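To start, the structure under review is shown below, and the notes come after it.
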2 protein chains.
Amino acid sequence: MINKLIEKIQKTQAPIVVGLDPMLGYVPGHIQEKAYAEYGETLEGAAEAIWQFNKEIVDKTYDLIPAVKPQIAMYEQFGIEGMKAYKKTVDYCREKGLVVIGDVKRGDIGSTSAAYAVGHLGKVQVGNKTYAGFDEDFATVNPYLGSDGVKPFIEVCKEEKKGLFILVKTSNPSSGEFQDQLIGGKPLYELVGEKVAEWGEDHCGDTYSYIGAVVGATYPEQGKALRKVMPKSFILVPGYGAQGGKGKDLVHFFNEDGLGAIVNSSRGIIAAYRQEAYAKYGEENFGDASRAAVEDMIADIRGALEAR
Amino acid sequence: MINKLIEKIQKTQAPIVVGLDPMLGYVPGHIQEKAYAEYGETLEGAAEAIWQFNKEIVDKTYDLIPAVKPQIAMYEQFGIEGMKAYKKTVDYCREKGLVVIGDVKRGDIGSTSAAYAVGHLGKVQVGNKTYAGFDEDFATVNPYLGSDGVKPFIEVCKEEKKGLFILVKTSNPSSGEFQDQLIGGKPLYELVGEKVAEWGEDHCGDTYSYIGAVVGATYPEQGKALRKVMPKSFILVPGYGAQGGKGKDLVHFFNEDGLGAIVNSSRGIIAAYRQEAYAKYGEENFGDASRAAVEDMIADIRGALEAR
């Protein structure tokens, strides 16, 4: 799957990922009204609204981008109906040829991590049959529990040719509270980064490892350092746009080959129609606003990479 | 909810929680066969099997125990159908008067943590209505992202009178890889424990805070130290029984009032019928074996607390 991701990045010339994190507040009124007319103001109605919203954004952007990253929390908040919309979104994006990064941030002790890995990336055995539960291509994983919480994910990835992005340095303001603490002179995130590099060594595609890392766009200096710590790991970079990151801040997340990072924008793309820059499209044409925002983001990052 | 938990612990004299982590391999053949006869060897069939398994164990133990802890990964591995079985289990246990600790180990950046909090402990707004998605009483939370990943959970708990158990020192063998690293002479888990105490200070029930911690039974020395760091926090203690913890190792997780900890056993209770000690019940009567295992666990912990 890492090979497919790289192939798609090279084909689109767009090392970006669209974060499908549909808060109901982002969904235009006419989509919500139609869904509620059919299902009522219910969890089913909300799930239908976010699914229709996602579908339009995917339809308007899939030819420009290599990957999407649905954030499962935004679906999970609507209970079972929300989870159905998540699964529908994953399946639809894969049908469209997109690489799907499930932003699930799971992580537990061994046998429990194995169950998460099976549910999101692998297949579960039922009697003599096997089934894929959610079937994303990549998943994000929380490293707090250490190697035996991560390895069951790696095993499933190896078997299924899928991949991981492990949280190393997250984009939020208080990420430093624990992640920046110095351990023998090195911040914790660097220690985690070293582990990611180690886990990744034996799990490589053609040029990069399928064990990647998450490093926030909001911490470019740390990104620069971590790039060197994990030379063969792809870095998933959240925090572009709405959270403050810009193309020029992100060049050091990439290797000299122009690869090695994939930059995520969620709100900046999916709620583009609410920004002044894209207001001209109007709420009705929110998908076109998202397409324009994707084009601008690609140009920003491409420009920054060419200028370095 | 922390008051209800304490009240139920005092009434049952059982500071324990039954972990409802139903691997299909634990579910007796006759339960699986019946479910597959009705739904086929499908995800629906597997979900029915684990639900019937859970129901029998709850029916046979609910009068002895204050709480259950369903581990969501074991349901999530079966996709949407598994999530339905999770929700059914949560609802049934609450109907039976049990406190339900959703072992979900969620955690993300601010707005995303808020979505998880709403989905598991709170209510989500849809138009003019509100709905509870999963509606557990407590949830476990991963602290790696720091305060702004945890606070949205705390806010929902405050509003809904629910609670958290935050991962401090987990029970697995490699938990020390990051959690034991020394930061200014103190292990990371102690730093997290101090934060749990701080977060808990302003969020108290009558005697204890509703912001608790997870500390593994397999690390009794660390439990003793953390008990002092977080005097007002309830400690959820996994790792009893199958993972190696015994009652006498656990006395220091409790305060002098006999409260402050709740010990979880999963496999040791729900798959008791497969242990030599309870083999006499037979596979058919797996619920009775679980009840006997609960009684033995309560006696072990009570005895250890009385002997100290």
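First the proteins, then the strands, lettered A, B, ... as listed; each starts at 1. Keep in mind that this is a model prediction, so the values were computed, not measured. Keep in mind that the numbers below use all heavy atoms, side chains included, and drop hydrogens, waters and symmetry copies.
The two residues A/Ala115 and B/Ala73 have their closest heavy-atom pair at CB-O, 3.5 Å. Closest approach of B/Val126 and A/Leu24 over heavy atoms only: CA-CD1, 4.3 Å. Across all non-hydrogen atoms, the minimal contact from B/Tyr116 to A/Gln71 is OH-OE1, 3.7 Å.
In this structure, B/Asp108 CG and A/Met74 CE are separated by 8.0 Å, a value rounded to the nearest 0.5 Å. In this structure, the separation between CD1 on A/Ile183 and CD1 on B/Ile183 is 4.5 Å, given to the nearest 0.5 Å. Between B/Lys186 atom NZ and A/Gln181 atom CD the span is 10.0 Å, to the nearest 0.5 Å. Within the model, atoms OG1 of A/Thr112 and CG of B/Asp21 stand 6.0 Å from one another, a figure rounded to the nearest 0.5 Å. Distance check, rounded to the nearest 0.5 Å: NZ of B/Lys87 to CE of A/Met83 gives 13.0 Å.
By number of non-hydrogen pairs under 4.5 angstrom with chain A, the leading residue of B/Gly216, B/Ser147, B/Ala117 is B/Ser147. The residue among A/Gly45, A/Gly122, A/Ala114, A/Gly119 with the most heavy atom pairs within less than 4.5 Å of chain B is A/Gly119. The choice from A/Lys169, A/Gln32, A/Lys195, A/Glu81 that makes the most heavy-atom pairs within less than 4.5 Å of chain B is A/Lys195. Put simply, of A/Arg106, A/Lys84, A/Lys129, the one with the most heavy-atom pairs under 4.5 Å next to chain B is A/Arg106. Comparing A/Ala46, A/Gly40, A/Ser175, A/Gly79 by how many heavy-atom pairs each has under 4.5 Å with chain B, the most go to A/Gly79. Of all the listed residues (B/Tyr86, B/Tyr75, B/Phe78), the one sharing the greatest number of non-hydrogen pairs under 4.5 Å with chain A is B/Phe78. Listed options A/Pro143, A/Gly133, A/Gly107, A/Gly110 were ranked by heavy-atom pairs under 4.5 angstrom with chain B; first place goes to A/Pro143. The candidate from B/Ile72, B/Leu167, B/Val192 with the greatest count of non-hydrogen atom pairs under 4.5 Å with chain A is B/Val192.
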Test log, rule side-chain contact (heavy atoms from CB on, under 4.5 Å), inputs B/Leu188 and A/Tyr144: CA-CA 10 Å; B/Leu188 173 61; A/Tyr144 189 67; 3.9 Å; yes
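Both the backbone and the side chain of A/Thr42 come within less than 4.5 Å of a heavy atom of chain B. Proximity to chain B is limited to the backbone of A/Val168, based on heavy atoms less than 4.5 angstrom apart. Using a 4.5 Å cut-off between heavy atoms, A/Val104 contacts chain B through its backbone alone, with no side-chain atom that close. For A/Gln125, the part lying near chain B is the backbone, with the side chain staying farther off; criterion is any non-hydrogen pair under 4.5 Å. Only the side chain of B/Thr170 comes within contact range of chain A, with at least one heavy atom under 4.5 Å from a heavy atom of that chain. Residue contact with chain A, scored on non-hydrogen atoms closer than 4.5 Å, is absent for B/Lys123. If you measure heavy-atom distances from A/Leu43 to chain B, the contacts under 4.5 Å come from both the backbone and the side chain.
Side-chain contact between B/Gln77 and A/His120 is absent, with no heavy atoms from C-beta onward closer than 4.5 Å. Under the 4.5 Å side-chain criterion, counting only non-hydrogen atoms from C-beta, B/Phe178 is not in contact with A/Leu145.
Of the possible polar contacts, one joining the B/Glu41 side chain to the A/Asn128 backbone as a donor-acceptor pair under 3.5 Å is found. Formation of a donor-acceptor pair under 3.5 Å by the A/Asp148 side chain with backbone atoms of B/Ser174 is found in this model.
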